[in-house]
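Note sheet for the following structure.
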Amino acid sequence: MIEQDQTSQPNANQGAASLPKTYDPQAVEGKWYRFWEEQGYFKPRTSKTGKTFVISMPPPNVTGALHVGHAITATIEDIMIRYHRMVGDDTLWVPGSDHAGIATQTVVERELTKEGTDRHVLGREAFVERIWQWVHQYKHRIQDQHRRLGVSADWERERFTFDEGLSKAVREVFVRLYEEGLLYRGERIINWCPRCMSAISDLEVNHVDAQGSLTYVRYPLKPLEGTTGEQTEYIQVATTRPETILGDTAIAVNPHDPRYTRLIGRLAIVPVMGREIPIVADEAVEKEFGTGAVKVTPAHDPVDFEIGMRHNLPRVQVIDFDATMTAEAGPYAGLDRYEARKRLVEDLEKLGAVVKIEEYTVPLGHCDRCDTVVEPLISKQWFVKMASLATPAIGAVKSGHLQIVPERFTKVYMDWLENIHDWCISRQLWWGHRIPVWYCDNCGQMTVSREDVTTCPHCDSDKLRQDEDVLDTWFSSWLWPFSTLGWPDATPDLKHYYPNAVMETGYDIIFFWVARMVMAGTHFLGQIPFHTIYLHGLVRDAKGEKMSKSKGNVVDPLLVMDEYGTDALRFTLATSSTPGNDSKLVPERIVGNRNFANKIWNASRFVLMSTSGIGEGVPAPDTLQPQTLADRWILNRLARVTANATQLIEDYQFGEAGRQINDFFWSDYCDWYVEIAKVQMQGSEELRRSTAGILRSVLDQSMRLLHPFMPFVTEEVWQYLYRTSVTDESRWPAPALIVADWPLAQKQHFDAEAEQEFDLVQQTIALIRDARNQMNVEPARRVPVIIAAGRYAGMFSEQTALIEFLARTEKPELHAELSQKPEKAMSLLAGSVEIYLPLAGLLDLGKELERLDKELAQAQQEIGRLQGKLSNQNFVAKAKPEVVEKEREKLAAQQERLSKLTARRAELSA
RNA sequence: GGGCUGUUAGCUCAGUUGGUUAGAGCGCUACGUUGACAUCGUAGAGGUCACAGAUUCGAGUUCUGUACAGCCCACCA
């Protein structure tokens, strides 16, 4: 562990020589996080770009520990935030957590059950107090876990959906909607969870197909007046929920169904109950399904409820709120709903009322929270009229002011908003924002108020009762992008940071949260709350299954961080997926990225040690003077990856950006340039200084590019780099990498020639290495090499030292042309460059000829393909000229190759 | 019932305006301690891009259909 000194700069006065060989995330992460936070770097700064960039963090539920879903959210958002901070935007990330009404209540109730008690024993006040204790504990836990993930949010602006300010916002919204006529209280059929003992919204119901049955039951008809009724008539209906027969108040048929037209208006008799119910005609009935006649139970089915409204039918509630049968269920009163179903069917069979029972798959609604089968029931609840709120939210996307990434979710969003239903917002819970409505027992009037009321404004009575219910938890979340900034007060934050920039979250809460935020933002503030919605996929386990506690396949991000480090976890999450698609968290990948962090560490360690005392400073890229082809090449590659990564991040392609930076750092910088630098560092003093400068500069730029993805290892390296290279702190570009400038692609370094020429050098080296391998040349042995480089002779003459070192050859013998080709030598071709390895004793002439034949065949095939293409008039005429030109160049190259191979073959076989 | 996504090397995945001989990591094979890294290096093997059509000079990439896998929405009892 590295000691701290009084400057509070964690790496102060540490030389590079003492760096450990292996990167140890645990020794590094905490100290930098504390440093960043103490220095205030998570707080917004005056914009250098004139822009702000704001994200409101989706508030995790205070129900427990963070899981990988939170980790991916935090990672992607932190990437955006750190990028924009480095770019120079006034960047704000508002963190927070969600009181999560029903979820939290359920969790705490479970605790109580364990203790052998329940909330009713405790009473409302004590129960709520108990939940607050829970909240305080878990809020801190969530904060700490977010800190470990490297989340660079402004903790001083942290909010809770149930804190004072947000409660004020909730009331404001409730009252305003009421005043606008967009809020109403009414008896409707709603989804009722008999376990939670609360209404839930449509969205909180999960439909799961279950194996059920379709029971065909015949109801006797009441004989017509004046008939004897000797021949009993029947009407047959089919039902998946026989127990609701007890609450039937009609039978409905389609008005255009000739089978039943004559029965419309007659009365049927409910079996067992003996109640007389009318046969009505209603368009909602499908002629083709079942028998074409439907039993109507207005109290227990949404469609039936509607039919009941149209025909003024009575509602008989036979299933109670606790899922047992009511007194209305007669002989079945008190039974559980399924027991009642079973008994009733038995009884019906005894009566001969059951015609048949078919196997049938029914979509069964389950409570999103506790998985209990929900029951549609009538009850008095509060609703928000959504239609007029949805219209602007649709317009926001249609007009292009709001963009959804990936684009395909636009359709999902639109379809939901275009078919929106009213939102049931009252919940029969104790944990949540109490509904700000008071009922007067004296005058019976209702008062909706922003402030608590104690006397009735209508009659001055003090016999007031506040509505017992609380609000759906999403009724506070949908205000998040502005309630966190102080709304309804006109705070400076609100003025400055609303609208936000991006809403980043999982696609599973588009309806619950995202669409509703757009509605709330546009309605209450008149501005779309963010310009972009970025939706990430779900993180699944290695087998592709959804993680769940019950399956026991949850990956705990904390354990991953303990074992592999935060950077490894973050980089894995960021690069394992493409936007909107689910990803699997595969352990091998995390290991690979732990190795990447270690690679960064070691390359940096080498650069620090080997350049120590040579030249000075960490030069800015635009001041660099490349001395060699390799210098030009690496700076070109850096410029390209910088341009690409920047564009990719701007386009929300974080995974691809990360992969490209990784590839650049590992393959180009470490595998090639750092190796080459070992040669260049042996050269002249000028070359040594220049090489050291480039090594440091490219390392610096690489750390900047990687920082949003892997904040800890990059900060550690970056600090060492400046501390050991620029001892005068006032000359540092920034006090910390987190607030250093994002790299700009240096246009002067785009260098196609260097790219092409260096490619030849790389090919040459790889070919020699391969040849050595094939011929089993001992690794330590230097082999002679003769190169005929043609027009590249000049360029190659400067690369001989590289070839010597990297391909382990003797000093290459370099020619433009060879009048006399070496005999008994293996011959290789890098483009048009001829390479000869005179390994007399090792060369097997037969094998060599075979190899040449293979290459000849390959070249011929390629030439055939290219000639075919180029002789196609359509191709030449229609393809873009540069494409045609490219093909011509390729053909020429292959022809040159062919002639060289042919010549060589002739020489060898002669 | 409606909609969406995926199907690319043994495994996990990239491949965004259609344009070289389709890439990476892991795994596998061979070699390796050349002054950062064995959490490493060098080299190699490995793919009819699910299938069938269509459009095009040209398709992993666009369109249509099929199969398989998965997800979301949904008031046919």
Side-chain angles (χ1 to χ4, degrees), chain A residues 19 21-23 189 202 207 214 237-241 244 252 284-286 288-291 293-297 301-306 360 362-363 376 406 408-409 411-412 415-416 419 507-508 510-511 537-538 542 544 546 564 575-578 580-584 586 588-589 591-610 648 651 653 655-656 659 662-663 667 670-671 674-675 678 765-766 769-774 776-780 805-808 858 861-862 865-866 869 872-880 882-884 886-887 889-890:
Chain A
L19 297 180
K21 234 175 128 172
T22 307
Y23 175 61
I189 191 140
D202 295 344
H207 294 97
L214 191 58
V237 300
T239 179
T240 55
R241 294 187 297 155
T244 61
V285 181
E286 292 284 332
E288 284 71 33
F289 187 87
T291 63
V294 191
K295 58 188 273 319
V296 182
T297 322
D301 185 278
V303 180
D304 293 7
F305 180 82
E306 297 291 326
Y360 192 69
V362 280
R408 67 169 186 275
F409 288 110
K411 191 175 154 46
V412 180
D415 287 351
W416 187 72
N419 299 294
Y507 65 71
D508 52 334
I510 296 179
F511 310 134
L538 267 44
K546 207 168 170 172
Y564 303 106
T575 57
S576 292
S577 67
T578 37
N581 287 342
D582 294 354
S583 57
K584 293 177 198 166
V586 184
E588 290 79 12
R589 264 188 112 114
V591 173
N593 289 321
R594 186 267 323 252
N595 295 353
F596 181 42
N598 192 55
K599 186 75 182 179
I600 293 168
W601 176 251
N602 271 293
S604 307
R605 198 162 67 98
F606 174 74
V607 169
L608 293 176
M609 292 190 301
S610 64
L648 285 164
D651 291 344
Q653 304 279 337
E656 188 58 20
R659 283 185 284 270
N662 172 318
D663 189 49
S667 305
C670 295
D671 290 348
V674 169
E675 291 306 310
K678 289 174 185 171
I765 291 165
R769 285 166 168 172
D770 182 27
R772 295 175 58 108
N773 240 311
Q774 282 186 35
N776 296 316
V777 179
E778 311 86 272
F805 178 70
L806 295 175
R808 206 104 188 124
Q858 222 173 27
Q861 197 193 349
E862 190 59 14
R865 203 181 60 82
L866 288 164
K869 213 170 183 180
N872 181 339
Q873 283 313 303
N874 272 323
F875 172 69
V876 179
K878 292 186 185 173
K880 277 179 271 180
E882 59 265 33
V883 173
V884 178
K886 241 181 169 177
E887 297 296 301
E889 281 167 18
K890 272 191 288 181

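Reminder, nothing fancy here: chain letters follow the sequence lines and each chain counts from 1.
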The contact string for nucleotides 70-77 of chain B, one letter per nucleotide 5' to 3', using protein heavy atoms under 4.0 Å with B, S and - for base, sugar-phosphate only and none, comes out as -S-SSBBB

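Scanning both residues, Lys295(A) and Asp304(A), for their nearest heavy atoms gives O-OD2, 3.3 Å.
For Glu306(A), the side-chain contact (heavy atoms from CB on, under 4.5 Å) criterion is met by Arg310(A), not counting sequence neighbours.
Rounded to whole Å, atom P of G1(B) lies 18 Å from atom CG of Asp415(A). Note: CZ (Arg589(A)) to P (G27(B)) measures 14 Å, nearest angstrom. In this structure, Trp601(A) atom CH2 and C40(B) atom P are separated by 17 Å, rounded to whole Å. Put simply, CD on Gln861(A) is 17 Å from P on U20(B), counting in whole angstrom units. Taking atom CG of residue Asn662(A) and atom P of nucleotide A24(B), one finds them 13 Å apart after rounding to whole Å. Asn581(A) places its CG atom 16 Å from the P atom of U12(B), with the value rounded to the nearest Å.
For the C1' atoms, the distance from U48(B) to A38(B) is 38 Å, rounded to whole Å.
For Arg769(A) and A43(B), the shortest distance from a side-chain N or O to OP1 or OP2 is below 4.0 Å.
At the heavy-atom level, Thr578(A) lies under 4.0 Å from the strands shown only through sugar-phosphate atoms. Backbone-only contact: Ala766(A) has heavy atoms under 4.0 Å from sugar-phosphate atoms and none from a base. Within 4.0 Å of Asp671(A), counting heavy atoms only, lie sugar-phosphate atoms of the nucleic acid but no base atom.
Distance check, rounded to the nearest 0.5 Å: CD1 of Ile600(A) to CG of Asn662(A) gives 7.5 Å.
Pairing analysis of RNA chain B (Watson-Crick: purine N1 to pyrimidine N3 plus N6-O4 or O6-N4; G-U wobble: N1-O2 and O6-N3; both under 3.5 Å) yields stems of 3 or more pairs at B:1-7 with B:67-73, B:10-13 with B:23-26, B:28-32 with B:40-44, B:50-54 with B:62-66.
The side chain of Arg659(A) has A14(B) as its nearest neighbour among U5(B), A14(B), G3(B).
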Can you give me the N/O atom pairs linking the protein to nucleotides 37-39 of chain B at distances under 3.5 Å, or say none if there are none?
unit_1 : atom_1 : unit_2    : atom_2 : d
C37(B) : O4'    : Asn602(A) : OD1    : 3.1
C37(B) : O2'    : Asn598(A) : ND2    : 3.3
C37(B) : O2     : Lys599(A) : NZ     : 2.9
C37(B) : N3     : Lys599(A) : NZ     : 2.9
U39(B) : O4'    : Asn595(A) : OD1    : 3.0
U39(B) : O2'    : Asn598(A) : ND2    : 3.0
U39(B) : O2     : Arg594(A) : NE     : 3.1
U39(B) : O2     : Asn595(A) : OD1    : 3.4

Between the protein and nucleotides 58-61 of chain B, which nitrogen or oxygen pairs are less than 3.5 angstrom apart?
none

Protein N or O to nucleotides 54-56 of chain B N or O, pairs below 3.5 Å:
none

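Map Ser576(A) and Glu887(A) each onto its nearest nucleotide of RNA chain B; the residue landing nearer the 5' end is Ser576(A).
Looking only at distances, a side-chain donor or acceptor of Asn602(A) sits under 3.5 Å from a matching main-chain atom of Asn598(A).
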